[in-house]
Amino acid sequence: MKPGERFAAGTTVSPEKTRMEIETVLARYGAESFAYATMPGRARIEFVLAGRRIRFEVRLPSRDEKRFTQHPKRSWQRRPEAAAVSAYDAEIRRLWRALLLAIKAKLELTASGITTLETEFMAHIVLPDGRTVGEHALPAIAAAYETGQVRGLLPEAT
């Protein structure tokens, strides 16, 4: 890759094919179940591996973003609609490929014994309340940096 170039830029692999590939990879590494959903502005993959429910959520861009609607070299000029749709679709394909790469890398790291499943997937592990460790911990981490005081990163068990 060239400096500044994003992974999978220019891929022609459809999001549907990438989701199937993610499912195949997860099964190869022992995932017990797999689900995905798409909603306006986001896509989600969930699976169960080694008794842990894991969720990845990808924020999807809006079709109306300037990076899709404006000409890349002449920012004052709008792209033709077909070119804007093409640029948007290319970004969606790229995001799905990047997610596949991240999941594959994490699975291989854990399978190779370089790290543990809990360590590698920590932010994405779904807790009993339906929120991920990351959703619980990120606000507490931000508060710790703002105040200089470290408090519990996860809610108290009740």
Side-chain angles (χ1 to χ4, degrees), residues 1 6-69 84-158:
M1 268 181 8
R6 291 184 155 183
F7 174 78
T11 185
T12 59
V13 180
S14 72
E16 295 78 17
K17 185 169 181 174
T18 300
R19 283 193 296 265
M20 289 187 330
E21 192 173 342
I22 291 170
E23 187 172 358
T24 300
V25 167
L26 289 168
R28 188 170 61 233
Y29 283 89
E32 299 162 12
S33 62
F34 172 83
Y36 77 91
T38 56
M39 298 139 280
R42 59 194 168 122
R44 179 183 286 175
I45 294 274
E46 286 194 27
F47 53 96
V48 176
L49 186 63
R52 301 287 186 256
R53 192 166 122 215
I54 299 168
R55 176 188 309 140
F56 282 85
E57 192 162 298
V58 178
R59 292 177 195 256
L60 300 176
S62 167
R63 287 183 188 259
D64 299 331
E65 289 182 23
K66 289 182 180 182
R67 63 181 165 149
F68 306 124
T69 61
V85 169
S86 179
Y88 173 81
D89 289 346
E91 178 63 0
I92 299 300
R93 289 191 304 271
R94 188 194 71 75
L95 288 169
W96 277 102
R97 295 308 288 179
L99 179 60
L100 169 63
L101 175 68
I103 291 171
K104 276 180 159 178
K106 288 175 178 296
L107 291 168
E108 188 55 35
L109 285 167
T110 60
S112 297
I114 294 169
T115 187
T116 65
L117 179 114
E118 287 81 4
T119 298
E120 199 56 38
F121 288 95
M122 185 178 303
H124 305 282
I125 294 173
V126 180
L127 297 173
D129 69 354
R131 293 173 57 203
T132 64
V133 172
E135 289 169 329
H136 281 286
L138 289 174
I141 292 168
Y145 274 97
E146 287 175 20
T147 65
Q149 296 180 345
V150 178
R151 303 201 190 237
L153 296 180
L154 295 176
E156 295 293 323
T158 55

Closest approach of P61 and E91, non-hydrogen atoms and distance? CG-CG, 4.0 Å
Using the side chain to side chain contact (heavy atoms under 4.5 Å, CB included) rule, take F56 and F121 through it: C-alpha gap first, then chi angles, then the decisive distance, then the call. CA-CA 9 Å; F56 282 85; F121 288 95; 3.8 Å; yes
Minimum heavy-atom distance V133-M122, with the two atoms named: CB-O, 3.1 Å
Considering all heavy atoms, the nearest P139-G134 contact: CD-O, 4.3 Å
Smallest separation among heavy atoms of R19 and F34, with atom names: O-CZ, 3.9 Å
Could you walk me through whether E21 and R97 satisfy the salt bridge (Lys or Arg N to Asp or Glu O under 4.0 Å) test, starting with their C-alpha distance in whole Å, then the side-chain angles of each, then the deciding distance to 0.1 Å, before giving a yes or no? CA-CA 10 Å; E21 192 173 342; R97 295 308 288 179; 2.9 Å; yes
Enter the distance from T69:OG1 to R67:CZ here, rounded to the nearest 0.5 Å. 10.5 Å
Reported CH2-to-CG distance for the pair W96 and L60, which is rounded to 0.5 angstrom: 7.5 Å
Please round to the nearest 0.5 Å and tell me the distance separating atom CD1 of I45 and atom NE2 of H124. 12.5 Å
Once rounded to the nearest 0.5 Å, what's the spacing between atom OG1 of T132 and atom CD1 of I125? 9.5 Å
Please examine the side chains of Y29 and E108, heavy atoms only from C-beta on, and report whether any two atoms are closer than 4.5 Å. yes
Apply the test side chain to side chain contact (heavy atoms under 4.5 Å, CB included) to residues D89 and R63: give CA-CA distance (whole Å), side-chain angles for both, the deciding distance (0.1 Å), then the verdict. CA-CA 9 Å; D89 289 346; R63 287 183 188 259; 4.0 Å; yes
Distance (rounded to the nearest 0.5 Å) between F47 CZ and I22 CD1: 9.0 Å
Heavy-atom closest contact (D129 atom, H136 atom, distance): OD2-NE2, 2.7 Å
Please find the pair of heavy atoms, one from L49 and one from A31, that lie closest to each other, and give the distance. CD1-N, 3.4 Å
More than 12 heavy atoms of other residues, nucleotides or ligands under 6.0 Å from CZ of R52: is that the case? no
Test side chain to side chain contact (heavy atoms under 4.5 Å, CB included) on E57 and E135; report intermediate values, then the result. CA-CA 11 Å; E57 192 162 298; E135 289 169 329; 5.6 Å; no
R93 CZ to E16 CD distance, which is reported to the nearest 0.5 Å: 10.5 Å
Where the side chain of S112 meets the backbone of L109, is there a donor-acceptor pair that is under 3.5 Å apart? no
For the pair T147 (side chain) and Q149 (backbone), establish whether a donor and an acceptor sit closer than 3.5 Å, ignoring hydrogens and angles. yes
Using atom types as modelled and distance alone, determine if a side-chain donor or acceptor of R55 lies under 3.5 Å from a backbone N or O of G130. yes
Assess the side chains of Y88 and E65: does a donor N or O sit below 3.5 Å from an acceptor N or O? no
Quick one: are T119 and T110 in side-chain contact, heavy atoms under 4.5 Å? no
